[in-house]
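Throughout, a chain's letter reflects where its sequence line sits, starting with A, and its residues are numbered from 1. Model, not experiment: these values are computed from the prediction.
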Amino acid sequence: MFDFWIILTACIIAINSSLLGSFLVLRKMSLIGDALSHSVLPGIVIAFLISGEINSFWMLIGASGFGIFAILIIDWLNRFGGFGKDSSIGIVYTLLFAIGIILITSIAKNSDIDVDCVLFGDINTVPLLPKIFTIPVPTFNLLIIAVIVTLTILFGLKGFKISTFDKSHAQTLGVSITFWNYLLLGLSSISTVFSFDSVGAIMVIGLIVIPPSFANIITRKLSRFLIISVSFGVVSCIIGHCIAIYLDIPTVPTIGFLMGLILILTLVFQTFKKNFQQRTKAKIIKQ
Amino acid sequence: MIKKVENPILEVRDLTVTYDSKPALCDANFGIPQGSMVGLVGPNGAGKSTLLKALMELIPKSSGNVKFFNENLESVRKKIAYVPQKESVDWDFPATVFDIVEMGRYGSKSLFKRLTKNDKEIAREALTKVKMLDFADRHISELSGGQQQRVFIARALAQKADVYLMDEPFAGVDVASEKTIVNVLVQLQNEGKTIFVVHHNLQSAAEYFDWMILINKNIVASGPIKDVFTPELLQKTYDGNLTTLEQIGQTIQKQQFPIRES
């Protein structure tokens with residue numbers, strides 16, 4: 001049962017992140033996930049200072065607030081500051097993450113938040129946490145978000161699709177680009193915040209970027225892209241945790257390593273396959 | 001020379017667009033008669049695409065107003081189709097040719113509904129018109145430049161609009177695709193539709209269009225092709241650089257090989 005909760009939690013995070021990540025990657029905005037996962041830190045610390053407890057409702061409000069705040073400043077820097085999108089993201093998340101770290105190591109010294117936990121998460125403690133309807137609190141929260149995210153993507157598929165592929169065409173049809181953009185970023189922000197304390201800042205980005213990138217080299221159809229992306233995330237989490245138990249190493253980095261490894265091996269394999277096909281084609285033409 | 005038009009299908013008044021407080025388009029005033037095939041011609045950076053985007057409200061205008069069918073864009077959106085430059089999107093996006101053309105059937109209200117059989121039939125018809133039906137299940141990254149452009153035109157056709165605004169539909173397009181596209185445009189015009197095309201090739205401009213707008217930050221001329229396509233007005237539009245420009249154009253054309261269809 002203990003491992004079941006860990007795997008389940010990881011899998012739900014994988015579903016949320018890879019679904020939202022698919023559109024972030026297709027919009028070339030995957031670094032937004034990076035920005036979000038780091039920018040929420042000051043929100044978490046400030047909420048802790050005010051409410052005095054970890055894992056509280058306030059903490060989530062604080063973190064989501066900072067997530068959305070970060071997105072707004074990035075947008076502002078990008079539009080009015082004349083900075084590129086990548087630079088804007090870099091500026092904002094460094095600034096906010098630095099504030100978070102300074103707060104943790106000074107004012108919030110006595111809190112249970114520590115820098116390691118922020119970076120790598122603490123998924124192995126999930127089964128020990130208080131439960132709602134016999135489900136550990138973080139898993140329960142993530143489950144609700146998973147339902148919201150999946151339904152939004154399912155019903156909003158056309159909106160996300162058209163606003164991602166061709167913004168100006170969508171606009172001329174009367175589709176609100178701002179609405180779909182902020183819906184995607186808002187959901188990503190909430191999902192990131194809830195995933196944050198289980199898998200840490202680094203893996204949140206991993207789960208947003210790697211599964212869609214894998215799908216990108218495997219398939220060329222959007223519906224399949226989403227399914228492959230989610231399956232890749234989920235399977236990696238299950239196998240990753242099993243390997244972690246077997247080798248007695250931490251779960252989260254194992255999942256990250258596994259995903260990266262499979263991605264690169266697939267890419268290498270595909271390149272070889274292409275070369276081979278081209279060579280056989282050339283041979284046939286010669287004959 | 002701006003020719004006055006009675007009951008114009010598109011009317012532009014005092015339209016000014018600025019980028020970073022530099023004017024990209026100044027005080028444009030013109031009207032377009034219904035059923036015409038309009039070429040928007042001018043040198044690079046003359047504000048051709050800017051004008052088109054401002055008409056579609058994709059960029060904010062500093063002043064002036066635009067009326068389609070004597071109404072604001074918002075209330076007649078469905079009657080107007082826009083074809084952006086094909087370079088403006090990522091052709092590696094996971095979608096098939098049919099997926100893209102289908103998007104012409106999307107609307108702000110129908111985004112949450114399923115597409116009907118009729119919608120799919122319209123998309124298929126549009127693909128047939130641009131001779132791309134055989135490619136319906138192809139992934140869009142496997143297309144040549146000309147084929148990409150034809151897919152974009154098909155998407156606009158699927159919108160079943162009355163006015164078509166196209167940004168450089170002949171740029172980077174092979175000869176066969178150009179012919180197909182011209183045929184489609186002629187057919188549209190025969191159906192009474194109005195077509196507004198940003199164009200950069202002066203040689204073919206005289207052949208394709210019956211109405212022409214010359215632009216270089218200002219509208220230099222707007223009217224029937226026989227009145228507008230004159231050496232004096234062209235010289236004025238190209239700031240007297242026309243001869244060199246034309247020479248360069250001709251040399252390039254001579255050296256160019258037709259792009260092969262894959």
Side-chain angles (χ1 to χ4, degrees), chain A residues 18-19 21-30 79-82 151-180 183-184 211-230 274 281, chain B residues 20 49 52-53 55-59 73-115 119 137-142 151-152 155-156 158-159 161 163-165 167:
Chain A
S18 50
L19 273 177
S22 291
F23 287 102
L24 291 175
V25 166
L26 289 174
R27 285 167 177 238
K28 315 244 180 299
M29 278 166 51
S30 51
R79 267 195 231 175
F80 302 104
L151 288 179
T152 313
I153 299 270
L154 217 57
F155 284 103
L157 190 60
K158 277 196 206 148
F160 285 119
K161 188 168 155 186
I162 194 167
S163 59
T164 304
F165 174 66
D166 191 344
K167 256 199 236 169
S168 35
H169 178 246
Q171 251 173 302
T172 60
L173 289 176
V175 175
S176 166
I177 295 300
T178 324
F179 171 77
W180 293 102
L183 182 61
L184 179 63
S213 305
F214 177 79
N216 210 1
I217 50 178
I218 294 290
T219 183
R220 288 289 166 213
K221 191 140 174 79
L222 188 59
S223 47
R224 257 179 259 155
F225 186 102
L226 295 173
I227 293 168
I228 290 177
S229 178
V230 169
K274 243 187 217 162
K281 244 188 207 170
Chain B
D20 297 329
S49 294
L52 219 58
K53 284 180 189 155
L55 294 181
M56 292 311 291
E57 290 176 9
L58 293 172
I59 48 173
L73 176 68
E74 198 51 53
S75 43
V76 289
R77 247 178 218 296
K78 282 205 162 153
K79 294 187 185 171
I80 298 148
Y82 168 70
V83 180
Q85 290 186 8
K86 63 181 189 306
E87 288 76 20
S88 65
V89 303
D90 175 15
W91 289 92
D92 277 329
F93 187 82
T96 60
V97 166
F98 196 77
D99 290 336
I100 301 302
V101 178
E102 239 180 24
M103 288 187 197
R105 300 305 301 162
Y106 290 10
S108 56
K109 281 174 196 127
S110 62
L111 268 187
F112 300 100
K113 287 188 212 142
R114 275 174 161 267
L115 289 179
D119 287 324
D137 293 324
R138 276 280 183 100
H139 180 254
I140 53 170
S141 68
E142 298 164 19
V151 171
F152 259 18
R155 184 180 67 179
Q159 286 175 237
V163 179
Y164 292 81
L165 306 180
D167 201 344

Using non-hydrogen atoms and a 4.5 Å limit, figure out which bit of [X] sits close to chain A: side chain, backbone, both or neither.
X	result
B/L165	neither
B/I140	side chain
B/E74	neither

Report summary line: Looking only at B/I80, B/L73, B/D99, B/L58, the option with the highest number of non-hydrogen pairs under 4.5 Å against chain A is B/L58

Query raised in the report: What residue in B/V83, B/I100, B/L115 has the most heavy-atom pairs under 4.5 Å with chain A?
Result: B/I100

Query raised in the report: With chain B, which of A/S168, A/A215, A/A170, A/S223 has the greatest number of heavy-atom pairs at distances under 4.5 Å?
Result: A/S168

Report task. Under 4.5 Å, heavy atom to heavy atom: which of residues 88-98 of chain B reach chain A? Give them by number, or say none. Result -> B/V89, B/D90, B/D92, B/F93, B/P94, B/A95, B/T96

Query - Proximity breakdown for A/F165 and chain B, heavy-atom pairs closer than 4.5 Å - result: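 The answer is both parts of A/F165.
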
Query - Heavy-atom contact with chain B under 4.5 Å, split by part of A/K28 - result: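 Side chain of A/K28 only, per the 4.5 Å heavy-atom cut-off to chain B.
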
Query raised in the report: Which distance, rounded to the nearest 0.5 Å, do you find between the CZ of B/R138 and the CZ of A/R220?
Result: 13.5 Å

Requested in this report: Nearest 0.5 Å please: distance from the NZ atom of A/K158 over to the CZ atom of B/R105.
Outcome: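 One gets 11.0 Å once the value is rounded to the nearest 0.5 Å.
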
Query raised in the report: side-chain contact (heavy atoms from CB on, under 4.5 Å) between B/M103 and A/L173: does it pass, once the steps are laid out?
Result: CA-CA 10 Å; B/M103 288 187 197; A/L173 289 176; 5.8 Å; no

Query raised in the report: Run the side-chain contact (heavy atoms from CB on, under 4.5 Å) check on B/Q159 and A/H169 step by step: do they pass?
Result: CA-CA 11 Å; B/Q159 286 175 237; A/H169 178 246; 2.9 Å; yes

